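Some notes on the structure that comes next.
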Amino acid sequence: MTTTPTPSRPPVPGPPQDTSPTFVGMPTFHRAARAALDDTQQRRNLHHATRTIRDKRSRAVAELPHWEELRRAGAAAKDEALDHLADYLIRLEERLTAGGATVHWARDAAEANRIVLDIVRAKEAEEVVKVKSMVTQEIELNEALEAAGVNAWETDLAELIVQLGHDRPSHILVPAIHRNRREIRDIFQREMAAVGRPAPKDLTDEPSRLAEAARLHLREKFLRARVGVSGANFAIADTGSLVVVESEGNGRMCLTLPETLISVVGIEKVLPSWDDLGALLQLLPRSSTGERMNPYTTIWSGVHEGDGPQEVHVVLLDNGRTHVLGDRLGRQALRCIRCSACLNVCPVYERTGGHAYGSVYPGPIGAVLNPQLRGTESDIDRSLPWASSLCGACYDACPVGIDIPELLVELRSRVAGDRGRTAESVAMAATTWLFSDPRRLTAAQRATGVAGRLVGDRTIRSVPGLGAWTNARDLPNPPPESFRTWWARERGGGTREGSGR
Amino acid sequence: MLEPRDDVVPSEPRTSGQRVALFATCFNDTLWPETPKATVHLLERLGVSVDFPADQTCCGQMLTNSGYGSSALPLVRRFVDVFGGYDAVVAPSGSCVGSVRVQHRRIAEESDDDSLADRVAELGPRVYELSEFLVDVLGVEDVGASFPHRVTYHPTCHSLRMLRVDDRPLRLLRAVRGIDLVELPEAQECCGFGGTFALKNADISISMGSDKARHVVGTGAEVLVAGDNSCLAHIGGILGRWRTGIRPMHLAEILAATEGTPA
């Protein structure tokens, strides 16, 4: 990483965000995961889908000999923005305003939703068309709009499937990854008619037929809607530009057809300069879809008379982000560009799917981001730092070099520290005591040796209290003597004898 | 094929005159003593005089990864006290070496003890996982071993992604006399052990381990080899429960085996 400049002003950590109503009372990760593991259809869908994207990504990354340099450049651009966030946000606001956009600041989800709703009401609109956006899911904007009588139509194919299925997204990039095409056909046939153009009666599960049904269903919404809502992949401070990267072209429709465009943008999306896009627009598509380039990149800078939306609003959202920024180690999670490469390579995510993570941000990045954004008050957020075997595949795949395993370990220490004295903390203190003196270790090893001699060659298939291990795994037989005992006898001289005899 | 060769052992090991210590690791010392014993036999066969400083205990990884990094601080201090005077430290565990090289640094930096951080940073690069020590320090790939069995190799996560041992273990295994080394499908995927993950998220751990075990069975191998006994205990525990008869073995034990002293 390049040298990090000292922040121009120390960030003032804001409060963590509130857990959204949808995820309040979510069970711990391992309980939610157990149910997901039993869903054999979902397991097959996820296995197939993650393997396909994983292989595509590996090929796309292997093509670039300077991938590591790109990663460092991407991380450096994000770090520069995060280390001077207040300055770049103010510059972004100035440039956006100069371009004719209206900038709003939102402390939390409720404030952002109220700002969006006020604009929609002022336009007397009863519906909005939406570009796929993580941040509007994070703040549950659709639910807030619907509660106020405004329909929010998702126009990304996978988000449409999730919305029509009264479901929740389970992946950042491919939110309907847990569904196969037969399930999608059934959802289209059952649900489309109630909210617009019905699916054809003879719809099959051919991908091209499914896409055509969605296209026809959405077309009338694109042409009718007067307000579009989006997020942004990047917000460029020096030009006042917002960038949306997508594959289907539905985003381009929403960003250009309606008279009014509202973009909700997390404050960590800011990039210092237009030049930073060079690295990031290479990193993102190769990491997320495994493509060299994404099919559609839309960039707009304020309002242009007679071309595109004539009223452009940008809602800059905190919602826990300055809370993360205040943490020296944890702030690297704010580099995340939501590519989802870490989900696709994660053996845990592949088996549990996204819902078990209790957030719109699942997988390894969710396991570090949610407990930082929301704090560690709830059962789910306290359990997420353990939702990993620390295998490190996520760190290798991350295009902006977020050391997710390191963050997981750090978050574990925070949760363990908060819990105070527990059976585990007592056991850990005993472990330190044991290993702080080789004589204690030797004494413990003698007990192991006695156990070993008692067990002999028999296979250990069950030990009281160790059911979590022995339910499905045999235990190794304890050896009759430790290595250090052997060494003392066979090589004796060594340095110190250390056997405590 | 099996005739003895003179060129396998450098006549003068590169470590000649240097002080080499064995870090057995607490797990191996207590539960799998055959592995550090094999490491000693192997290194002595290669002309390396290895020392076992008896004051060594544990790298503290289990504490750190469980969220008790500050409790690991005395163990970090002990590690540099015990091993700081050696020219090279070798351990038959990718995971424990990963802990020493990566985690000790952070723990020391977060403590108030600046001199400890310096000593940790200074010692770290001299701590080697077994395959690194053999290939990089001694400069050997053919260690003169003989192991006439069908074997498949699982690269453990920390050796692969923390230490970047790359194909060093495979290069060592390929040079073993009589070995039938078969490729493990999806080898780079985690086995699901993950320390306390194996207990705290036992269902997912077993699911991952079962997939790994199925791939191992599919190779038709008699022996599963890896550089970490903890991962081997997990995969081996499943292979055992399934009554597959496949034997988990540490890399050191295969490399120590010769025609005269088979494993």
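Note that the structure is predicted; figures quoted are calculated from it, not measured. We name chains A, B, ... by the order of the sequence lines, and we start the count at 1 in each one.
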Answer key: most heavy-atom pairs under 4.5 Å with chain A among Gly69(B), Ser70(B), Cys26(B) is Cys26(B)
Okay, Leu22(B) and chain A: the region with an atom under 4.5 Å from a heavy atom over there is side chain
Review point. Hey, are Lys200(B) and His30(A) close enough side-chain-wise for a donor-acceptor pair under 3.5 Å?
Key: no
Turns out that what part of Gln56(B) lies under 4.5 Å from chain A's heavy atoms comes down to both
Highest number of heavy-atom pairs under 4.5 Å with chain A among Asn28(B), Ile238(B), Thr30(B) belongs to Thr30(B)
Those residues of residues 93-101 of chain B that come under 4.5 Å of chain A on a heavy-atom basis, listed by number, are none
Counting heavy-atom pairs under 4.5 Å with chain B, the top scorer among Trp486(A), Tyr395(A), Trp469(A), Trp386(A) is Trp486(A)
Bottom line for Pro36(B): the part with an atom under 4.5 Å from chain A's heavy atoms is both
All heavy atoms of Ile404(A) vs all of Pro364(A), minimum pair found to be CG2-O, 3.8 Å
The interface call for Val40(B) against chain A, heavy-atom contacts under 4.5 Å, is side chain
**Asked** Any luck finding a side-chain donor-acceptor pair between Asp457(A) and Asn477(A) under 3.5 Å?
**Response** no
Margin query: Would you say Arg473(A) and Ser205(B) are linked by a side-chain donor-acceptor pair, where the criterion is simply a distance under 3.5 Å?
Written below: yes
Between Phe23(B) and Phe52(B) (judged by ring centroids, cut-off 6.0 Å), do the two rings come close enough to count as a pair? no
CG of Asn201(B) to OG of Ser383(A), rounded to nearest 0.5 Å, is 8.0 Å
- Going by heavy atoms in the side chains, are Phe27(B) and Asp228(B) under 4.5 Å from each other? no
> Do you see a donor-acceptor pair shorter than 3.5 Å between the side chains of Gln445(A) and Thr485(A)?
Replying inline: no
Looking only at Asn471(A), Leu390(A), Asp396(A), most heavy-atom pairs under 4.5 Å shared with chain B are made by Asp396(A)
Residue from Leu475(A), Val415(A), Thr470(A), Leu411(A) scoring the most non-hydrogen pairs under 4.5 Å with chain B is Thr470(A)
One option among Glu34(B), Met62(B), Glu110(B), Glu44(B) has the most heavy-atom pairs under 4.5 Å with chain A, and it is Glu44(B)
Chain B shares the most heavy-atom pairs under 4.5 Å, among Glu406(A), Arg440(A), Glu481(A), with Glu406(A)
(request) With side chain to side chain donor-acceptor pair (under 3.5 Å) as the test, would you mind laying out the steps for Asp55(A) and Ser58(A) before giving the verdict? (result) CA-CA 5 Å; Asp55(A) 294 345; Ser58(A) 303; 5.2 Å; no
So CZ of Arg71(A) and SG of Cys398(A): to nearest 0.5 Å the spacing works out to 6.5 Å
One option among Ala387(A), Ala393(A), Ala33(A) has the most heavy-atom pairs under 4.5 Å with chain B, and it is Ala393(A)
Chain A shares the most heavy-atom pairs under 4.5 Å, among Gly60(B), Ala198(B), Cys191(B), Pro74(B), with Ala198(B)
Turns out that what part of Gln188(B) lies under 4.5 Å from chain A's heavy atoms comes down to neither
One option among Gly449(A), Ala427(A), Pro405(A), Ser425(A) has the most heavy-atom pairs under 4.5 Å with chain B, and it is Ser425(A)
When the 4.5 angstrom heavy-atom criterion is applied to Leu63(B) and chain A, the contacting part is both
Pair count under 4.5 Å, heavy atoms only, with chain A: among Ala202(B), Cys58(B), Gly194(B), Gly237(B), highest is Gly237(B)
Self-check item: Modelled atom types, side-chain donor and acceptor of Tyr357(A) and Asn370(A), under 3.5 Å
Solution: no
For Thr459(A) and Asp474(A), test the side chains for any donor-to-acceptor distance below 3.5 angstrom and give the result as yes or no. no
Whatever's closer than 4.5 Å to a heavy atom in chain B on Arg351(A) counts as side chain
Side chains of residues 37-45 of chain A: which donor-acceptor partners sit under 3.5 Å, not counting sequence neighbours?
| residue | atom | partner | partner atom | Å |
| --- | --- | --- | --- | --- |
| Asp39(A) | OD1 | Gln41(A) | N | 3.4 |
| Asp39(A) | OD1 | Gln42(A) | N | 3.1 |
| Gln41(A) | NE2 | Asn45(A) | OD1 | 2.8 |
| Gln42(A) | NE2 | Thr352(A) | O | 3.3 |
| Arg43(A) | NH1 | Leu37(A) | O | 3.2 |
| Arg43(A) | NH2 | Ser207(B) | OG | 3.2 |
| Asn45(A) | ND2 | His178(A) | O | 2.9 |
| Asn45(A) | ND2 | Glu183(A) | OE1 | 3.3 |

Given His158(B), Arg106(B), Met162(B), the one with more heavy-atom pairs under 4.5 angstrom with chain A than any other is Arg106(B)
Going through the checks in order, is the salt bridge (Lys or Arg N to Asp or Glu O under 4.0 Å) test met by Arg77(B) and Asp113(B)?
CA-CA 10 Å; Arg77(B) 194 168 282 130; Asp113(B) 189 343; 3.4 Å; yes
So, the part of Ala24(B) with a heavy atom under 4.5 Å from chain A: the answer is side chain
message: Check the orientation of Phe193(B) and His234(B). Use parallel for under 30°, tilted for 30 to 60°, and perpendicular for over 60°.
response: tilted
* Would you please test Arg168(B) and Glu129(B) for salt bridge (Lys or Arg N to Asp or Glu O under 4.0 Å) and show each step? => CA-CA 10 Å; Arg168(B) 288 175 183 81; Glu129(B) 184 271 341; over 6 Å; no
